[in-house]
Amino acid sequence: MRSSVKRSVKSAFYSVAQECGLEDARPGQFDVSIPKEEKFGDFATNIAMLKAPAFRMKPRELADRLVARIKETPLFESVEVAGPGFINMRIKPVEWTLALDQVFTKGAAFGHVEAGGGEKVIVEFVSANPTGPLHIGHGRGAALGDTIARVLRAAGYQVHTEYYINDVGLQMDNLGRSTLIRARELCGLEPGGEPPYKGEYMIDVARGFLECKGRAALDLPEEKALALAREYAGHAILGGIRTDLDDFRVHFDQWFSEDSLHKAGGVEDAIAVLSAQGEIYEKDGALWLKTLDTGDEKDRVVRRANGVTTYLAADIAYHKNKLDRGYHTMVNIWGADHHGYIPRIKATLKALGGDPDKLAVRLVQIVNLKRGGQVVAMSTRSGVFTTLREILDDVGVDATRYFFLMRSSDAQMDFDVDLAKKQSDENPVYYIQYAHARCSNIFVTARERGLAAPPPMAAVDLTLLTEPEELRLIRKLLELPDVVESCARAFQPHPLTQYLTDTAALFHYFYHRHRVVTDNKALSNARLTLVEATRITLHNGLFLLGINAPDKM
RNA sequence: GCGCCCGUAGCUCAGCCGGAUAGAGCAACGGACUUCUAAUCCGUAGGCCGCAGGUUCAAGUCCUGCCGGGCGCGCCA
């Protein structure tokens, strides 16, 4: 609906421009927004205020002339100038009700838009080191990345999701060492030091290691035992991570191993290419990448003096790999503590001849865990953290996802576990789900009364929907495509949660004022159709958030 | 010291490219179940948008400087 209005305003603009002898005037960027106050109409535009100088007119004067033209479109009931030069437009109610038809013709695809034009996008997220279970902070990134991927798909992009596994290096050695130390403890042997990873989960990993490889593994030479432990523990922990993510309804198209990158020579290859471009130089025996001129604070080492490549080198190779795979846009969801990394990867892309703007990094701010009113600091190394698993078991998938998604990702948040548990019944997600269940239940009642529910479209006269509560709801339902598009553009899904809350509120409001199933069969059919449109909208919106839409609660 | 994020109702947070009288949920208070689910609805109350300047028809929004909170500034990953 908004796009139809925008077209009308544009064509009015060109007409007026011609009248004024300004043939080459362009409307440029202007707003067609939904006013906060209903009395201002269905849509408002600020175009007259923006373009008045170009026409050498006062805003209201230009607005008057535009109004005369806009009015010619039969879509509008009224078009008027208001305030400093806003043009307020009201759509004929019947146009709204008839537009409801698109919800049914699109069905499960209602809300989808073509904005992406099939462009290839890769969304990389979570990518937690396989050295411990996912904690609550990873959960936030997982919910965000997965939902961004869903929204981008709905917006017409070809989306690939990926988890990058840092399965090499010092941390994996530490993991292996922790496993061996815990295993020796379990066998009553001299542990041989403190485990680098102190979390209790390491004891379970060690137990699994002993069951799988046998006690004899401990008698192997240190190097062999370590390699065995490292490999076993890495797989075991990654398996747990996959299970947690599956249960959180987060599924990846690909799990990309850093180790595979090394083995395929990708890292050396990337360094060679960048060297050939003159982007890498040698100093103090190490190789440095020129990142300074892309906004970094200093150049960065990619290969140490001892010949070992750095973490950055692998990441460069990984992003080169993404570039080579032909993605138009690369979305990375990172923890906020990695923000210093953005200039480095952008520098890499630039050096490789790619467009640094292809990389869109969304930083996820810290999740502070609150328990008994106390903020608990978390650290994988010390083993003090609340796992995603624990939250899922306590709070449930739906509420947890909603909780993470209802806030902007770049604001820190406190996750008050006690509150989330205690007040789970009052979590706003239930408000939306309840609206959906209510829709379904109305159909049950309607069928009991012998009505087809939802009714076949041919039997429905939508123009019977004339109550303000009905029209308000219809207007909101038809906003979904706009919301999806703007969420996709910003890589930011949280407006969708607000939209669904608003939609549910308007539905509950309608429900309390009007009976759907009555003796008036024609009206009942029209209202049942509205209920079905609401149900489809809520269902599709919840799906984008990865939240269930129950038929019964 | 430098860089990034945040500061809006008692609490948790929305407020997009500047637009009309700054919103939602929770908490508080008062109402509504013989009627399709009361996990709902209606009403009341609650604000120096951190502070100070600047830009303009218009600033919570943009710019500058402070104040407060968080994070980052490794030949760690």
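Lettering of chains follows the sequences in order, A, B, ..., and the numbering in each one begins at 1.
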*Think A:Y434 has a side-chain N or O under 4.0 angstrom from the OP1 or OP2 of B:A39?*
yes
*Any side-chain N or O of A:Y431 less than 4.0 Å from the OP1 or OP2 oxygen of B:C41?*
yes
*Mind checking A:H436 for me? I need base, sugar-phosphate or nothing, with any heavy atom below 4.0 Å counting as a touch.*
nothing
*For the side chain of A:L50, starting at C-beta, report the closest nucleotide among B:G72, B:U40, B:G19.*
B:G19
*asked:* Taking the C1' atom in each of B:A58 and B:A22, what is the distance between them to the nearest angstrom?
replied: 15 Å
*Just by modelled atom types, is the A:N166 backbone N or O under 3.5 Å from a matching donor or acceptor in the A:N129 side chain?*
no
*asked:* Considering every strand and a 4.0 Å limit on heavy-atom distances, what is the contact class for A:K552: base, sugar-phosphate, or nothing?
replied: base
*Can B:C48 be described as syn, meaning its chi torsion is within 90° of 0, or is it anti?*
anti
*asked:* Side chain of A:Y511, heavy atoms from C-beta onward: which of B:G15, B:C36, B:G72 has the nearest atom to it?
replied: B:C36
_CZ/A:R489: more than 12 non-hydrogen atoms of other groups inside 6.0 Å_ = no
*Does the side-chain ring of A:F86 sit on the six-membered ring of the B:G19 base, less than 5.5 Å centre to centre and under 30° in tilt?*
no
*What integer number of Å spans the P atoms of B:G1 and B:C66?*
10 Å
*asked:* Is B:C51 syn or anti, taking syn as a glycosidic angle within 90° of 0?
replied: anti
*Would you say a side-chain N or O of A:R304 is under 4.0 Å from OP1 or OP2 of B:C76?*
yes
*Can you tell which of B:C41, B:C36, B:A20 lies closest to the side chain of A:H512?*
B:C41
*With a 4.0 Å cut-off on heavy atoms, is A:Y509 in touch with a base, just the backbone sugar-phosphate, or nothing at all?*
sugar-phosphate
*Tell me what A:R303 touches on the nucleic acid: a base, only sugar-phosphate, or nothing, going by heavy atoms under 4.0 Å.*
nothing
*Does A:A336 offer a backbone N or O that forms a donor-acceptor pair with the side chain of A:Q365 under 3.5 Å?*
no
Polar-atom pairs under 3.5 Å, protein N or O versus N or O of nucleotides 5-11 of chain B: list them with distances, or write none.
unit_1: B:C5; atom_1: O2'; unit_2: A:Q365; atom_2: NE2; d: 3.4
unit_1: B:C5; atom_1: O2'; unit_2: A:D410; atom_2: O; d: 2.6

_Using OP1 and OP2 only, check whether a side-chain N or O of A:K298 sits under 4.0 Å from B:G3._
no
*Expressed in whole Å, how much space separates the P atoms belonging to B:U64 and B:U55?*
15 Å
*From B:C42, B:A20, B:U40, nucleotide with atom closest to A:F40 side chain*: B:A20
*Look at the rings of A:H539 and A:H436 and say which category their plane angle falls in: under 30° parallel, 30 to 60° tilted, over 60° perpendicular.*
tilted
_Enclosure of A:E231 CD (heavy-atom neighbours >12, cutoff 6.0 Å)_ = no
*How would you label the contact of A:R513 with the nucleic acid (heavy atoms, under 4.0 Å): base, sugar-phosphate, or nothing?*
sugar-phosphate
*What nucleotide, of B:U21, B:A14, B:A20, holds the atom closest to the side chain of A:A44?*
B:A20
*Taking the side chain of A:M413 as its heavy atoms from C-beta onward, which of B:C75, B:C17, B:C13 lies nearest to it?*
B:C13
*Of all the choices, B:G25, B:A77, B:C36, which nucleotide is nearest to the side chain of A:T310 once you look at every atom?*
B:A77
*Nucleotide paired to B:A52 in any strand shown, Watson-Crick or G-U, under 3.5 Å*: B:U64
*Show the numbers, then the answer: is there a side-chain hydrogen bond (donor to acceptor under 3.5 Å, both in side chains) between A:D398 and A:Y430?*
CA-CA 9 Å; A:D398 288 339; A:Y430 297 110; over 6 Å; no
*Counting heavy atoms from C-beta on, name the nucleotide in B:C76, B:G3, B:C75 closest to the side chain of A:E297.*
B:G3
*Nearest to the side chain of A:A286 - B:C75, B:C42, B:A20?*
B:C75
_Let me spell it out: for each of A:F30 and A:H514, pick the nucleotide of RNA chain B with the closest heavy atom. Which residue's pick is nearer the 5' end?_
A:F30
*Out of B:C75, B:A20, B:U35, which has the shortest distance to the side chain of A:R515?*
B:U35
*Around A:K6, counting heavy atoms of other residues, nucleotides and ligands shown, do more than 12 lie under 6.0 Å from its NZ?*
yes
*Want to settle it: does A:M553 or A:N306 sit nearer the 5' end of RNA chain B, counting the closest nucleotide to each?*
A:M553
_Mind checking if A:A446 touches a base, just sugar-phosphate, or nothing, with heavy atoms under 4.0 Å?_
nothing
*Can a donor-acceptor pair under 3.5 Å be found between the side-chain atoms of A:H339 and the base atoms of B:G3?*
yes
